[in-house]
Amino acid sequence: MLQIAAIRDNIDQVKELLEIRNFKEFDLVDKVVKLDEDRRKTQHQLDAQLSESKKIAKSIGALYQSGKQEEANAMREKTATLKESNKQLEESLSSIEQALQEAMVQLPNIPNSLVPKGNTDEDNLNIKQEGTIPKLYEGAKPHWELLEQYELMSLELGSKIAGAGFPVFMGKGARLQRALVAYFLDFANKNGYKEIIPPLLVNETSAYATGQLPDKDGQMYHVVNDGLYLIPTAEVPVTNMYRDTIVGKDDLPIKLTGHSQCFRREAGSYGAHVRGLNRVHQFEKVEIVQIVEPQKSYEVLDEMVAYVEQIIQSLELPYRILRLCGGDLGFCSAMTYDFEVFTVAQDRWLEVSSVSNFETFQSNRLKVRYKDDNGKNQLCHTLNGSALALPRIIAAILENNQTEEGIVIPEVLRPYTGFDIIS
RNA sequence: GGAGAGUUGGCCGAGUGGUCGAAGGCGCACGCUUGGAAAGCGUGUAAACCCCACAAGGGUUUCAAGGGUUCGAAUCCCUUACUCUCCGCCA
């Protein structure tokens with residue numbers, strides 16, 4: 001959520017920056033500003049009246065105690081109208097506050113000025129491209145055929161057990177997945193990220209706090225009976241560990257990594273682009289999260305990008321880094337870098353990681369604060385990134401490393417898989 | 001799932017209708033003391049919002065959350081959440 005104080009002082013600038021992400025509902029911005037004014041005016045009035053009421057109540061108390069019953073009773077009569085008017089003001093304040101809140105949560109984050117304008121993924125800024133795209137032998141297959149051929153995964157079984165888009169991994173496929181998770185977590189540990197195993201279901205408050213609600217309602221599986229949501233990413237529970245906390249400056253940066261199953265409904269997705277592991281409803285991901293001082297957040301964003309780049313390099317996959325354009329930018333993000341790896345058989349780039357700086361957008365909802373040098377509480381900045389999401393990494397390894405003898409496991413994974421080749 | 005107990009400031013803990021944002025202790029900060037430290041002494045020590053210059057100063061709210069009673073609620077009533085104990089079930 002944006003900070004209202006920041007909006008009311010820079011209305012035009014806010015609109016200008018929101019336009020980068022093609023957000024044009026300026027009425028909403030104006031509405032927020034108006035409601036904020038109303039709110040302050042109403043609160044001011046209410047405060048004054050409450051102050052009056054308290055004074056009267058205190059003097060009534062004093063009168064009773066000194067035995068002046070009659071005077072006290074006379075005074076009590078005066079309070080009736082004041083009480084009524086307090087009640088009315090309270091009601092109107094709370095309805096203004098509610099309307100303000102409802103409007104506020106609909107405003108997306110303000111993009112960083114470096115975010116390129118644009119509408120679609122074609123407008124994303126290609127920052128870097130590295131790695132060699134391997135030449136495959138005649139008859140190389142897309143990963144879904146390889147998965148079937150080597151009996152690594154079955155979507156049919158998953159569909160029998162659960163539904164379309166729920167893969168069942170087995171044998172070396174399952175082992176490869178476990179190896180990747182272990183490798184990614186070890187990598188994170190070595191880089192100072194504290195390992196977290198979070199709940200896979202979260203309550204509504206948590207889903208709001210990291211911004212999945214109300215924006216992505218409908219993308220999450222909702223357990224209605226218990227009011228819980230299956231997490232779409234470990235970011236949600238892990239970041240929410242720090243909801244409503246004030247940390248010391250010395251505690252920053254807070255670096256966390258969480259591995260989890262991720263659940264996404266992906267309503268409305270279909271077609272060739274979602275075949276195999278390209279898009280599934282349940283997948284594993286290792287996420288990294290940082291909570292930092294505001295001044296350092298862009299430095300940290302670069303650090304996290306470099307971190308993800310290292311992992312991908314170590315897997316020897318050809319990749320590119322994109323700075324997302326405004327149109328592609330997530331609701332909560334001020335700036336996002338996407339990582340894509342090239343899958344040779346599909347002849348296609350697949351997104352495997354997304355690293356974002358949310359600035360104070362999440363922390364304002366989360367109320368994650370730190371004490372600055374003046375002892376004042378300030379909102380932290382939060383960042384997170386996938387490091388990494390498994391299915392497409394597996395797809396890329398299978399497609400790019402296939403040989404006529406089998407699928408060659410990247411060097412760094414071999415200690416984890418216990419085998420060099422899938423044949 | 002059944003029965004009971006509880007939830008107060010960073011922590012512990014007092015407080016059953018008025019002067020309680022809340023005793024006392026611990027912790028922390030600053031000062032005095034000291035060659036230095038400890039002890040001791042003193043002072044201070046929550047958050048949010050509003051007025052205002054993000055200063056000083058002032059106002060309001062907050063004793064798990066929400067609602068109610070009352071001129072007045074940490075204190076009384078109702079609802080909800082959570083924690084703990086015992087029983088049941090169980091990886």
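Chain letters run A, B, ... following the sequence lines, proteins first and then strands; every chain starts at 1. Note that the structure is a prediction, hence the values are computed from the model and not measured.
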- Item | Protein-nucleotide distance (K54(A), atom NZ; G18(B), atom P), rounded to Å | 16 Å
- Task: Sort out the partner of C20(B) for me: Watson-Crick or G-U wobble, both distances under 3.5 Å, none otherwise.
- Result: none
- Using atom C1' of each nucleotide, how far apart are G27(B) and G2(B) to the nearest Å? 42 Å
- Item | Any side-chain donor near an acceptor of the partner, E293(A) and H381(A), under 3.5 Å | no
- Query: Looking for any heavy atom pair under 4.0 Å, which part of the strands does K41(A) touch: base, sugar-phosphate only, or nothing?
  - Reply: nothing
- Within the structure shown, what part of the strands sits under 4.0 Å from I56(A) by heavy-atom distance: base, sugar-phosphate, or nothing? nothing
- Task: Report the residue from L322(A), V308(A), N357(A), L301(A) that forms a side chain to side chain contact (heavy atoms under 4.5 Å, CB included) with Y337(A).
- Result: L301(A)
- What is the pairing partner of C63(B), taking Watson-Crick or G-U wobble pairs with both distances under 3.5 Å in any strand? none
- Task: Whole angstrom is fine here: how far is it from CD1 in I60(A) over to C1' in G18(B)?
- Result: 11 Å
- Measure from the side chain of R39(A), starting at C-beta and using heavy atoms only, and say which of G59(B), A47(B), C49(B) lies closest. C49(B)
- Item | Opposite nucleotide pairing with A74(B), Watson-Crick or G-U, both atom distances under 3.5 Å | none
- Message: Suppose you measure atom P in U19(B) against the same atom in G10(B); what distance do you get, rounded to whole Å?
- Response: 22 Å
- Message: Under a 3.5 Å cut-off for both contacts, is A91(B) paired Watson-Crick or G-U wobble with anything, and if yes, with which nucleotide?
- Response: none
- Task: Compute the ring centroids of Y307(A) and F187(A), then answer whether they are less than 6.0 Å apart.
- Result: yes
- Message: Using atom P in both nucleotides, what's the gap between A74(B) and U8(B) to the nearest angstrom?
- Response: 16 Å
- Query: Under a 3.5 Å cut-off for both distances, is U83(B) Watson-Crick or wobble paired, and to whom?
  - Reply: A5(B)
- Euclidean distance for P, A23(B) against U79(B) (whole angstrom): 32 Å
- Query: Checking all strands, does N73(A) fall into the base, sugar-phosphate, or nothing category for heavy-atom contacts under 4.0 angstrom?
  - Reply: nothing
- Message: I'd like to check L35(A) versus Q98(A) (side-chain heavy atoms, cut-off strictly below 4.5 Å). Are they in contact?
- Response: no
- Task: Report the nucleotide, chosen from A46(B), U60(B), C50(B), that has the shortest atom-to-atom distance to any side-chain atom of K371(A).
- Result: A46(B)
- Item | C32(B): pairing nucleotide in any strand, Watson-Crick or G-U under 3.5 angstrom | G40(B)
- Message: Taking the minimum atom-to-atom distance to the side chain of K83(A), which one of G59(B), C71(B), A47(B) wins?
- Response: C71(B)
- Query: Do Q3(A) and L379(A) come within less than 4.5 Å of each other through their side chains, counting heavy atoms only?
  - Reply: yes
- Minimum-distance nucleotide to Q43(A) side chain [options: C50(B), A47(B), C71(B)]: C50(B)
- Query: How far does the P atom of A73(B) sit from the matching atom of G13(B), given to the nearest Å?
  - Reply: 27 Å
- Determine the interatomic distance between C1' on G58(B) and the same-named atom on A53(B); round to the nearest Å. 15 Å
- What interatomic distance, in whole Å, is found between C1' of A64(B) and the corresponding atom of G6(B)? 11 Å
- Message: For D27(A), is there an ion pair with K31(A) - N to carboxylate O distance below 4.0 angstrom?
- Response: no
- Message: Looking at G27(B), which nucleotide sits across from it as a Watson-Crick or G-U wobble partner, both distances under 3.5 angstrom, or is there none?
- Response: U45(B)
- Task: Could you tell me whether K376(A) contacts a base, only the sugar-phosphate backbone, or nothing, with contacts defined as non-hydrogen atoms closer than 4.0 Å?
- Result: sugar-phosphate
- Task: Determine which nucleotide pairs with A53(B), using a 3.5 Å limit on both distances of a Watson-Crick or G-U wobble pair.
- Result: none
- Item | Of the listed nucleotides C51(B), C71(B), A47(B), the one nearest the side chain of N377(A) | A47(B)
